[in-house]
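The structure appears right after this line, and notes come after that.
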Amino acid sequence: MDDLISALAGSQVTFQPNSTAAEHPRFSMYKAKSNTVNQEARRKKFLEAQKNKRFDYASHARRLAFSKWDSSDETEEENQENESEDMDFEEYIPKPPRSYKDQLMLSEWLVEVPTDLEDQWYLKLCPVGKRCLVVASRGVTKAYTKSGYNIMSFPSEIPGGNKVISSKPLHVYCFLDCIFNQLENTFYILDIMCWNSHPCFDSETEFRFYWMQAKTGESTDLEEITESHHYKFVSLPHYDCSKETIKDVLWSDLPFSCKLDGLLFYHKKSHYISGSTPLVGWLKAFMVPEMLGIEVPPALCAEKPSSYVSMQQHVPEAFEKHSKRKEEEEKAMYYEED
């Protein structure tokens with residue numbers, strides 16, 4: 001039986017640490033606590049890496065807006081990076097890809113509650129929908145899946161997204177991180193990467209959320225469906241992460257009419273980077289009592305799958321990947337001390 005379990009454990013499809021495409025790392029086969037991944041240490045490394053990582057996001061934004069990927073530019077960037085001192089940080093803050101694929105910042109399961117959760121993190125409630133990158137440029141608005149597939153093109157009131165009546169010149173562009181709910185014809189804005197040709201990839205979460213609310217709030221037309229604006233764009237609010245606030249938010253009316261998918265936790269100092277990061281955590285609502293010790297409404301608890309069991313009995317396959325990484329880092333630290 002043990003051999004069978006080991007064989008099944010090796011059949012994992014998702015290899016990203018704490019990927020939200022897999023089960024929560026606390027809810028699969030039990031392992032000893034010594035194998036637990038130090039997610040807190042990885043968060044510190046990501047924060048340190050983003051201070052030292054240098055990348056020309058302004059040039060990247062222009063290429064992304066106009067689909068211009070010049071091979072000579074890529075060679076020049078590589079030469080510059082080879083001469084820089086931040087190459088050791090590439091593992092944590094990789095360059096964004098030269099396409100629409102894998103541009104979004106993705107969360108990890110919140111396997112360890114941050115010690116500074118209340119002071120240094122924000123909460124966002126996420127509606128059910130399809131995660132997508134919205135690009136408004138050259139007078140048209142396009143939505144791309146996480147894999148870079150264009151799922152729709154339409155006019156909008158987002159700067160650069162409507163060539164017919166837009167008051168902005170066609171060289172203006174915007175990038176938004178959204179959740180699209182088809183039943184409501186609504187794009188719920190999670191985060192902002194660029195607005196009115198001003199990129200904010202390397203801005204901290206505190207500023208990006210403020211910028212997003214300020215800029216989208218300047219145009220009330222974004223939340224209306226018209227002939228020139230085919231879908232609603234609604235900014236999702238953010239909250240502090242005190243236990244009292246989290247409980248109040250979950251027990252109050254949702255900021256959207258559709259179903260709640262889960263909770264996202266953003267570190268206030270995190271930059272917007274492509275790929276998964278421990279600086280953005282993810283939980284399902286029914287996990288909140290166990291992970292955060294906060295009571296949630298019975299309706300949210302009722303969404304708990306029948307296969308769900310306690311943390312003490314379950315640790316996911318993704319946890320094995322983290323355990324190996326931790327062992328490798330501990331060995332590296334040991335050799336450095338020698």
Side-chain angles (χ1 to χ4, degrees), residues 16-20 24-26 36-51 53 92-93 104-127 131 176-179 188-193 200-214 235-252 254-256 260-297 300 311 318 322:
Q16 289 183 339
N18 293 330
S19 169
T20 55
H24 188 285
R26 300 257 184 182
T36 300
V37 175
N38 190 342
Q39 197 174 34
E40 188 73 27
R42 291 185 60 241
R43 294 186 187 112
K44 293 179 180 179
K45 288 184 177 180
F46 269 75
L47 288 172
E48 183 64 27
Q50 70 182 21
K51 294 179 183 178
K53 181 66 178 178
Y92 304 102
I93 315 293
L104 296 175
M105 180 165 66
L106 306 178
S107 61
E108 293 185 1
W109 284 110
L110 197 70
V111 297
E112 291 181 6
V113 180
T115 56
D116 56 358
L117 180 66
E118 184 169 341
D119 297 325
Q120 293 298 322
W121 294 73
Y122 285 131
L123 165 69
K124 282 203 172 189
L125 301 183
C126 298
R131 187 79 175 274
L176 300 174
D177 181 349
C178 298
I179 296 174
Y188 290 100
I189 308 174
L190 273 177
D191 210 332
I192 187 170
M193 303 139 84
C200 51
F201 293 90
D202 53 357
S203 298
E204 295 178 350
T205 303
E206 284 184 293
F207 173 79
R208 294 198 316 276
F209 283 4
Y210 160 77
W211 188 251
M212 178 183 69
Q213 297 291 346
S235 295
L236 290 171
H238 61 277
Y239 314 91
D240 68 61
C241 286
S242 67
K243 285 194 172 184
E244 294 78 10
T245 299
I246 295 175
K247 183 175 181 179
D248 288 344
V249 168
L250 291 176
W251 282 83
S252 301
L254 297 174
F256 39 79
L260 175 68
D261 188 15
L263 292 75
L264 278 175
F265 299 86
Y266 288 81
H267 195 287
K268 292 181 179 180
K269 304 302 179 183
S270 173
H271 294 177
Y272 193 101
I273 62 173
S274 57
S276 61
T277 171
L279 297 176
V280 182
W282 171 257
L283 285 178
K284 288 289 190 177
F286 59 80
M287 298 175 179
V288 170
E290 195 166 6
M291 287 298 297
L292 303 180
I294 299 173
E295 184 182 3
V296 300
L300 296 179
M311 294 180 188
H322 275 284

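Reckoned from all heavy atoms, side chains included, excluding hydrogens, waters and symmetry mates.
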Problem set entry | E48 and K45 ion-paired at < 4.0 Å | no
Exercise. Between F209 and H238, how do the two ring planes meet: parallel, tilted or perpendicular, split at 30° and 60°?
Worked result: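 Rings of F209 and H238: tilted, as their planes differ by 30° to 60°.
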Whether [X] side chain and [Y] backbone form a donor-acceptor pair below 3.5 Å:
| X | Y | value |
| --- | --- | --- |
| T205 | H267 | yes |
| K124 | L263 | no |
| S242 | T245 | yes |
| Q50 | K269 | yes |

Distance in Å, [X] [atom1] paired with [Y] [atom2], rounded so as to fall on 0.5 Å steps:
| X | Y | atom1 | atom2 | answer |
| --- | --- | --- | --- | --- |
| W282 | M287 | CH2 | CE | 9.5 Å |
| L47 | S270 | CG | OG | 7.0 Å |
| D248 | Y239 | CG | OH | 11.0 Å |
| R43 | E112 | CZ | CD | 6.5 Å |
| C126 | D261 | SG | CG | 7.0 Å |
| H271 | T277 | NE2 | OG1 | 11.5 Å |

Exercise. Given the rule in the side-chain contact (heavy atoms from CB on, under 4.5 Å) test, do I246 and F265 qualify, once you have shown the distances and angles that lead to the verdict?
Worked result: CA-CA 11 Å; I246 295 175; F265 299 86; 4.2 Å; yes
Problem set entry | More than 12 heavy atoms of other groups within 6.0 Å of Y210 OH |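 12 or below, so no.
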For this session: Please assess Y272 against D177 for the test side chain to side chain donor-acceptor pair (under 3.5 Å), listing each intermediate value before the final yes or no.
Result: CA-CA 10 Å; Y272 193 101; D177 181 349; 2.8 Å; yes
What are the two closest non-hydrogen atoms of [X] and [Y], and how far apart are they?
| X | Y | value |
| --- | --- | --- |
| D191 | M105 | OD2-CE, 3.9 Å |
| M291 | L110 | CE-O, 2.8 Å |
| A285 | L260 | CB-CD2, 4.0 Å |
| E204 | K268 | CB-O, 3.5 Å |
| W121 | L279 | CZ3-O, 3.3 Å |
| S276 | S107 | CB-O, 4.2 Å |

Do the side chains of [Y] and [X] get nearer than 4.5 Å, heavy atoms only?
| X | Y | answer |
| --- | --- | --- |
| P114 | E40 | yes |
| V288 | L300 | no |
| L117 | L292 | yes |

Problem set entry | Verdict with supporting geometry, L125 and L236, side-chain contact (heavy atoms from CB on, under 4.5 Å) | CA-CA 8 Å; L125 301 183; L236 290 171; over 6 Å; no
